[in-house]
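Reading through the structure tokens given below for one structure.
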Amino acid sequence: MGHGELRGVVALDGPSGTGKSSAARRLAAALGARYLDTGAMYRAIALAVLRAGVDPEDAERVAEVARAAALEQGDDPERSTTVLDGADVGAEIRGPEVTLAVSPVSAVPQVRELLVARQRAIIAAALAEAGGIVVEGRDIGTVVAPDAGLKVYLTADAQARAQRRARQDSASGRASTVDATLADVRRRDAYDSTRAVSPLRPAADAVELDTTSLDLKGVLAALVDLVERRGLRVVAVGG
Ligand SMILES: Nc1ncnc2c1ncn2[C@@H]1O[C@H](COP(=O)(O)OP(=O)(O)O)[C@@H](O)[C@H]1O
Ligand SMILES: Nc1ccn([C@H]2C[C@H](O)[C@@H](COP(=O)(O)OP(=O)(O)O)O2)c(=O)n1
């Protein structure tokens, strides 16, 4: 695949249910860029921890599992795959057990060191091969890609985020209620933003985008506008 229209890295950070994955995939596809779902990587390690029967709060054992896990995260926005120990776990990593375990697992410094190194390698390869990549997560603008050409911090009110996530879970066949999802959203927001290592927070140079009253099309339009105004969109070069 030749170079697309995006030059450099777009970082999309923010709490759960703000629309990071939906927006990042669409933006990457629209601009012929690659896409990286860093949350899926943390979820895959959390799944490996559960499969190994390790307590997600046991940092030492969690780090051992992370080092031993064979994890491959794809960067195709049309088909983003997460392969753990040879099998695609894209559906399993969205289940409630993993969603509960991923908060303590992603707070382990050695897990973050390992995954941030892999994320940076994926970003470097994408820039060489496609010219641009959209990366979503919690610490992209602050830690993983501090020199990103554009950093956007997505927000939305907790009720809207819980309703979106509950609808998403139900559509995927996972039992869910808005109240239970709201409690999970608040739990993970608190966990992710108060942890000692790489806490969830907007980078000082991030643009904040409140998606509460925007539909997906509106979010995409806002992001394309920000990319263009930042001079990161070029006429596609063939080949
Ligand atoms: N602006 C929006 N308006 C309505 N629904 C949205 C919006 N953004 C995302 N969604 C939906 O909400 C759910 C969660 O979105 P997702 O992109 O997974 O959020 P995040 O990656 O931030 O957790 C998905 O089903 C998605 O289609
Ligand atoms: N760059 C990242 C991405 C995710 N995490 C952690 C924090 C999140 O609660 C979990 C799951 O991330 P994910 O983006 O899949 O979660 P949501 O889709 O936003 O609900 O992983 C992280 O610590 N750093």
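Heavy-atom basis, side chains included; hydrogens, waters and symmetry copies ignored. Both counts, for ligands and for their atoms, begin at 1 and track the order of listing.
Considering NZ of Lys151 and CG of Leu226, their distance stands at 14.5 Å, rounded to 0.5 Å. Rounding to the nearest 0.5 Å places OH of Tyr35 at 11.0 Å from CG of Asp76. Within the model, atoms OG1 of Thr38 and CG of Asp139 stand 6.5 Å from one another, a figure rounded to the nearest 0.5 Å. Atom OG1 of Thr212 sits about 6.5 Å away from atom CZ of Arg164, to the nearest 0.5 Å. The distance from the CG atom of Leu31 to the CD atom of Glu228 is 8.0 Å, given to the nearest 0.5 Å.
Of the polar atoms of Arg165, at least one N or O is found under 3.5 Å from an N or O of ligand 1, judged by distance alone. At a 3.5 angstrom cut-off on N or O pairs, Leu214 counts as close to ligand 1. The N/O atoms of Gly19, backbone and side chain alike, include one that comes under 3.5 Å of an N/O atom in ligand 1. On a distance-only criterion, Asp139 and ligand 2 share at least one N/O pair closer than 3.5 Å. Between Ser16 and ligand 1, a contact under 3.5 Å exists for no N or O pair. The shortest N or O to N or O distance between Ser16 and ligand 2 is below 3.5 Å.
Looking at Arg161, its side chain does come within 3.5 Å of a backbone N or O of Ser16 through a donor-acceptor pair. Between the Lys20 side chain and the Gly14 main chain, a donor and an acceptor come within less than 3.5 Å of each other. Put simply, the side chain of Thr177 gets close to the backbone of Ala180: a donor and an acceptor are under 3.5 Å apart. In this structure a side-chain-to-backbone donor-acceptor pair under 3.5 Å is present from Thr99 to Gly95.
Counting heavy atoms closer than 4.0 Å to ligand 2, residue Gln119 contributes nothing at all. Contacts of Asp215 with ligand 1, taken as heavy-atom pairs under 4.0 Å, involve the backbone alone. Contacts with ligand 2 closer than 4.0 Å are made by no heavy atom of Arg187, backbone or side chain. Neither the backbone nor the side chain of Met41 has any atom closer than 4.0 Å to an atom of ligand 2 (non-hydrogen atoms only). Residue-level proximity to ligand 2 for Arg138 is carried by backbone and side chain together, each with a heavy atom below 4.0 angstrom.
The closest side-chain heavy-atom distance from Gln73 to Leu36 is below 4.5 Å. Between Ile123 and Arg118, every side-chain heavy-atom pair lies at or beyond the 4.5 Å cut-off.
With respect to Asp13 and Arg201, no salt bridge is recorded, no charged nitrogen being found less than 4.0 Å from a carboxylate O. For Asp184 and Arg187, the salt-bridge test passes: some basic side-chain N is under 4.0 Å from an acidic carboxylate O. For Glu113 and Arg67, the salt-bridge test fails: no basic side-chain N is under 4.0 Å from an acidic carboxylate O. With salt bridges taken as basic N to acidic carboxylate O contacts below 4.0 Å, one links Arg34 and Glu129.
Between Pro15 and ligand 1 there is a heavy-atom distance shorter than 4.0 Å.
Interface atoms of ligand 1 facing Lys20, defined by a heavy-atom separation under 4.0 Å, are 17 (O), 19 (O), 20 (P), 21 (O), 22 (O), 23 (O). Which parts of ligand 2 touch Val102 is read off a 4.0 Å heavy-atom cut-off, strictly below it: atoms 10 (C), 21 (O). The contact set between ligand 2 and Arg94, taken as ligand atoms under 4.0 Å from a residue heavy atom, comprises 15 (O), 18 (O). Atoms of ligand 2 lying under 4.0 Å from at least one heavy atom of Lys20, given by number and element, are 19 (O). Applying the 4.0 Å criterion to heavy atoms of Val219 picks out, from ligand 1, the atoms 1 (N). Contact atoms of ligand 2 toward Arg195: 22 (C), 23 (O), 24 (N) (distance under 4.0 Å to a heavy atom of the residue).
The nearest non-hydrogen atom to atom 15 (O) of ligand 1, considering only Gly14, Gly39, Gly218, Ser22, comes from Ser22.
Taking atom 15 (O) of ligand 2 as the reference point, the nearest protein heavy-atom neighbour is Arg43 NE, 2.7 Å. Regarding atom 7 (C) of ligand 2, its nearest protein heavy-atom neighbour is Asp192 OD2, 3.3 Å. The protein heavy-atom contact nearest to atom 9 (O) of ligand 2 is Arg188 NH1, 2.8 Å. The protein heavy-atom contact nearest to atom 6 (C) of ligand 2 is Ser106 OG, 3.7 Å. The protein heavy atom nearest to atom 12 (O) of ligand 2 is Gly39 CA, 3.5 Å. Annotation: atom 24 (N) of ligand 2 to nearest protein heavy atom, Arg112 NH2, 3.0 Å. With hydrogens left out, the protein atom closest to atom 12 (O) of ligand 1 is Arg164 CB, 3.2 Å, a heavy atom. Nearest to atom 13 (C) of ligand 1 among the protein's heavy atoms is Gln168 OE1, 3.7 Å. Here the protein heavy atom with the shortest distance to atom 18 (O) of ligand 2 is Arg165 NH2, 3.5 Å. Closest to atom 3 (C) of ligand 2 among all protein heavy atoms lies Thr38 OG1, 3.4 Å.
More than 12 heavy atoms of other residues, nucleotides or ligands sit less than 6.0 Å from atom CZ of Arg94.
In summary, the side chains of Arg138 and Tyr42 do not present any donor paired with an acceptor at a separation below 3.5 Å, with no hydrogens or angles considered.
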